[in-house]
Amino acid sequence: MIGDKDLDILQETQSTTWLVELVIKAAKKFGYERYFFKTSSAIADDHVPSSSAASLPSTSSTWTTAPTTAITTPQRTPWTRSSANSLTIDGDVFMETIRLVNLR
């Protein structure tokens, strides 16, 4: 998930190396590198089977705070944990990464 108030996007360890490098390059362009890949983790996601089938696995991102079940209470909603600034960071880096992929 993206958009957390305390944005800290994990590096998924099964992602394609060159794509991770493009995400880092995109983040640096905007001065956002502090939000990306400070930590890494293996995440069982839908891209893992395609990775083993020799297609392009994507990078994965996740919130590093409370589990999803904590969001669904009256006091904790997705809106209390989200940030417009964080969504801007995610969007800027995503769009720049797509531009860089197209130049490859």
Are the side chains of [X] and [Y] in touch, meaning some heavy atoms are under 4.5 Å apart?
X      : Y     : value
Ile89  : Phe36 : yes
Leu19  : Thr97 : yes
Gln11  : Thr39 : no
Tyr35  : Ile9  : no
Arg104 : Trp18 : yes

Which residues share a side-chain contact (heavy atoms from CB on, under 4.5 Å) with Ser86, sequence neighbours left out: Leu7, Ser83, Asp90
Could you list the residues that satisfy side-chain contact (heavy atoms from CB on, under 4.5 Å) with Lys28, not counting sequence neighbours? Ile24, Glu33
Roughly how far, to the nearest 0.5 Å, is the CZ atom of Phe37 from the CG atom of Asp8? 10.5 Å
Return the CZ to CG distance between Arg99 and Leu22, rounded to the nearest 0.5 Å. 10.0 Å
Considering non-hydrogen atoms only, spot the tightest contact between Val20 and Ser15 and give its length. CG2-CB, 3.7 Å
Got a sec, which residues hit salt bridge (Lys or Arg N to Asp or Glu O under 4.0 Å) with Lys29, two or more places apart in sequence or on another chain? Glu96
Just by distance, do the side chain of Glu12 and the backbone of Gln14 share a donor-acceptor pair under 3.5 Å? yes
Could you pull out all residues at least two apart from Tyr32 that satisfy ring-ring contact (aromatic ring centres under 6.0 Å, His included)? Phe30
